[in-house]
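Step one of this worksheet: look at the structure below.
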Amino acid sequence: MIRWFLVTLLALLIFSGLQPWLQKLGFGRLPGDLNFRLFGRDWQIPITSTLILSMMAAGVAKWL
């Protein structure tokens, strides 16, 4: 259980660091990605981008 928590935390940190680069490629602005301002802060919930990146990662893992 703790191993999956660490893997998820590591993946979130990596994607957070890559967010500016991924936005240049169009991720985070796809239909289904939610962007809103709440309590003076911009919030992003990239549902569609997450699904696409997950499918790409699964494809690479299956290919290897």
Side-chain angles (χ1 to χ4, degrees):
M1 180 72 180
I2 191 80
R3 186 173 87 183
W4 286 110
F5 177 72
L6 292 174
V7 168
T8 303
L9 182 64
L10 181 63
L12 288 172
L13 287 173
I14 290 171
F15 284 130
S16 294
L18 294 176
Q19 184 178 7
W21 182 71
L22 289 171
Q23 283 183 343
K24 288 181 184 178
L25 294 175
F27 290 100
R29 294 180 286 162
L30 298 171
D33 292 340
L34 305 174
N35 297 315
F36 56 92
R37 185 184 266 303
L38 184 65
F39 302 120
R41 183 173 174 179
D42 291 326
W43 294 86
Q44 297 178 347
I45 304 175
I47 297 169
T48 305
S49 296
T50 303
L51 290 173
I52 290 173
L53 289 172
S54 296
M55 287 188 299
M56 289 171 44
V60 168
K62 190 173 185 176
W63 181 66
L64 293 175

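For this chain, numbers begin at 1 and follow the sequence in order.
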- Query: Is Phe39 reachable from Ile45 through a run of I, L, V, M, F, W or Y residues, each pair having side-chain heavy atoms under 4.5 Å apart?
  - Reply: yes
- Note on the structure: Tightest non-hydrogen contact, residues Arg29 and Gln23, listed as NH2-O, 2.5 Å
- side chain to side chain contact (heavy atoms under 4.5 Å, CB included) filter on Leu64, not counting sequence neighbours, yields Val60
- Message: With clusters defined by side-chain heavy atoms of hydrophobic residues (ILVMFWY) lying less than 4.5 Å apart, directly or transitively, does Leu18 cluster with Ile52?
- Response: yes
- Message: Applying side chain to side chain contact (heavy atoms under 4.5 Å, CB included), can you list everything that pairs with Trp43, at least two apart in sequence or on another chain?
- Response: Phe36, Leu38, Arg41
- Query: With the 4.5 Å side-chain cut-off for hydrophobic clustering, are Ile47 and Phe27 part of the same group?
  - Reply: no
- Task: Return the minimal non-hydrogen interatomic distance between Asp33 and Thr48, and the atom names on each side.
- Result: OD1-N, 3.0 Å
- Message: Same cluster or not: Met56 versus Leu25, using hydrophobic residues (I, L, V, M, F, W, Y) connected whenever any side-chain heavy atoms lie under 4.5 Å apart?
- Response: yes
- Query: Can you hop from Leu30 to Leu51 via hydrophobic side chains spaced under 4.5 Å?
  - Reply: no
- Item | Partners passing salt bridge (charged side-chain N to carboxylate O under 4.0 Å, His left out) against Arg3 (at least two apart in sequence or in another chain) | none
